[in-house]
Amino acid sequence: LGVCGVQFEMWDSDEPVPRVELLKKVKGCDGILCVLTEKIDAQLLEAAGPNLKVVSTMSVGFDHLSLDELKKRGIRVGYTPDVLTDCVAELTVALLLATSRRLIEATHEAKTGGWGTWRTLWLCGHELANSTVGILGLGRIGVAIAERLKPFKVKKFIYTDVAPRPELANMIEAEYVSFDELAKQSDFLAVCCALTPETHGICNWNLFSKMKKNAIFINTSRGGVVNQEDLYEALSTGLIAGAGLDVTTPEPLPTHHPLFTLKNCVILPHIASASYTTRNAMSALAANNLLAGLRGEPMPKELKL
């Protein structure tokens, strides 16, 4: 028996647990603590059996969980919102600046001898001052991104969501617009929506073709919301100015993927919540959600199914 009188078995590796191994180990479990690399679907729940009462995920996203299957079986779900909001917003701003001001390209030029005499338009990028920033999916993270961008003298914030979110929008004085208007007006477009059947592939040719030629597209939500073939076309033909991605499909993105060949695409290995403070807080919250669920008590953060 470990802490709190709970007997647990841990996969002690940074590599994801192999599916076969996972299906074997969940048999008879009362609770499962998972990360976003584990698909918690009908097959796994079937393998776990009727004892399973609670699934706790160390993530704010829950697209790896089959919510219908969990609900059907009366299994409670814990997740970790709020504790990673600041960290993700911070990284989103860093990625936006790195993309718009061409930092990765610039360090490469400096390192490889491309830095010659001063040139008028060499490595020129796009600035935030007097710009319009669009947010696709206005939640806590979207608000936190806008709060951080405000001091850069952004002229206007606009957003699109399934419905207007006045209480959140008022915090950052953001205006609700249609999806088409978001595409047309944004100088910078930050994607921070959840991946759902409705948002799957929503950032596609339809969106990119309506965007400004100087627009910068940033995604720190989930790779599945973007059609990567369409994004490659948009970036390689100069339809939009640049893209910064912390998330892709699949993850890791194969090193031979066409997006890696583009100078105007900055790709990070899904590190938005990667700060020591945040990962520790996520771990503790995921554990406390699990323990509360096993005791039949209210969880600190429960996903209402």
Side-chain angles (χ1 to χ4, degrees), residues 1-85 87-88 139-140 194-197 200 221-224 247 249-252 269-305:
L1 288 176
V3 284
C4 312
V6 173
Q7 192 177 353
F8 64 89
E9 195 168 347
M10 190 168 102
W11 175 253
D12 197 9
S13 164
D14 258 355
E15 294 304 311
V17 52
R19 182 74 176 176
V20 181
E21 184 76 2
L22 183 63
L23 291 172
K24 207 161 56 188
K25 295 288 189 196
V26 294
K27 193 169 162 45
C29 280
D30 297 292
I32 296 171
L33 195 156
C34 68
V35 293
L36 48 79
T37 49
E38 276 70 69
K39 273 259 172 280
I40 308 295
D41 54 11
Q43 182 195 27
L44 184 130
L45 297 173
E46 226 32 74
N51 285 0
L52 190 63
K53 296 183 204 55
V54 53
V55 169
S56 175
T57 181
M58 188 179 142
S59 64
V60 63
F62 41 81
D63 45 282
H64 57 301
L65 312 177
S66 299
L67 300 183
D68 291 348
E69 294 292 339
L70 288 156
K71 189 177 181 177
K72 200 162 73 184
R73 292 169 169 81
I75 296 167
R76 293 170 66 192
V77 175
Y79 71 138
T80 62
D82 301 333
V83 293
L84 48 62
T85 301
C87 195
V88 173
R140 288 171 287 251
L195 176 59
T196 64
H200 191 273
S221 61
R222 286 290 183 264
V247 285
T249 312
E251 289 181 2
H270 202 147
I271 56 163
S273 67
S275 80
Y276 293 111
T277 312
T278 293
R279 289 284 167 84
N280 285 337
M282 287 170 75
S283 306
L285 180 52
N288 286 324
N289 282 338
L290 184 77
L291 294 170
L294 290 172
R295 290 193 294 259
E297 295 167 4
M299 290 182 193
K301 292 289 175 187
E302 182 163 2
L303 189 62
K304 295 290 174 227
L305 302 181

Within the 4.5 Å heavy-atom criterion, are [X] and [Y] side-chain neighbours or not?
| X | Y | result |
| --- | --- | --- |
| N280 | T277 | no |
| D82 | K301 | yes |
| V54 | L290 | yes |
| Y276 | C87 | no |

Take T278 and V83 through the test side-chain contact (heavy atoms from CB on, under 4.5 Å) and record every step on the way to the result. CA-CA 6 Å; T278 293; V83 293; 5.5 Å; no
If you measure from the Lys or Arg side-chain nitrogens to the Asp or Glu carboxylate oxygens, is any gap between R19 and E21 under 4.0 Å? no
Only counting residues at least two apart or in another chain, list the ones meeting side-chain contact (heavy atoms from CB on, under 4.5 Å) with [X].
| X | value |
| --- | --- |
| S283 | M58 |
| V88 | L84, T92, I141, T220, A272, S273 |
| P250 | L253, P254 |

Using distance only, find each side-chain donor-acceptor pair of residues 60-68 under 3.5 Å and give its atom names and separation, not counting sequence neighbours.
unit_1	atom_1	unit_2	atom_2	d
D63	OD1	R222	NE	3.0
H64	NE2	T57	OG1	2.9
S66	OG	I40	O	3.4

Drop me the distance from [X]'s [atom1] to [Y]'s [atom2], to the nearest 0.5 angstrom.
| X | Y | atom1 | atom2 | result |
| --- | --- | --- | --- | --- |
| L291 | F8 | CG | CZ | 10.0 Å |
| I75 | R73 | CD1 | CZ | 6.0 Å |
| S56 | N289 | OG | CG | 4.5 Å |

Take E297 and R76, measure what salt bridge (charged side-chain N to carboxylate O under 4.0 Å, His left out) needs, and give me the verdict at the end. CA-CA 11 Å; E297 295 167 4; R76 293 170 66 192; over 6 Å; no
Sequence neighbours excluded and cut-off under 3.5 Å, please list the side-chain donor-acceptor pairs for residues 24-38, or say none.
unit_1	atom_1	unit_2	atom_2	d
K25	NZ	E9	OE2	3.0
D30	OD1	K53	NZ	3.0
E38	OE1	V35	N	3.4

Work out which heavy atom in [X] is nearest to a heavy atom in [Y]; give both atom names and the distance.
| X | Y | value |
| --- | --- | --- |
| L285 | P81 | CD2-O, 4.1 Å |
| Y79 | R140 | OH-NH2, 4.3 Å |
| E69 | A42 | CD-CB, 3.6 Å |
| A286 | T80 | N-CG2, 3.9 Å |
| P16 | W11 | C-NE1, 3.7 Å |

All pairs passing salt bridge (charged side-chain N to carboxylate O under 4.0 Å, His left out) where residues 269-279 contributes a residue, at least two apart: none
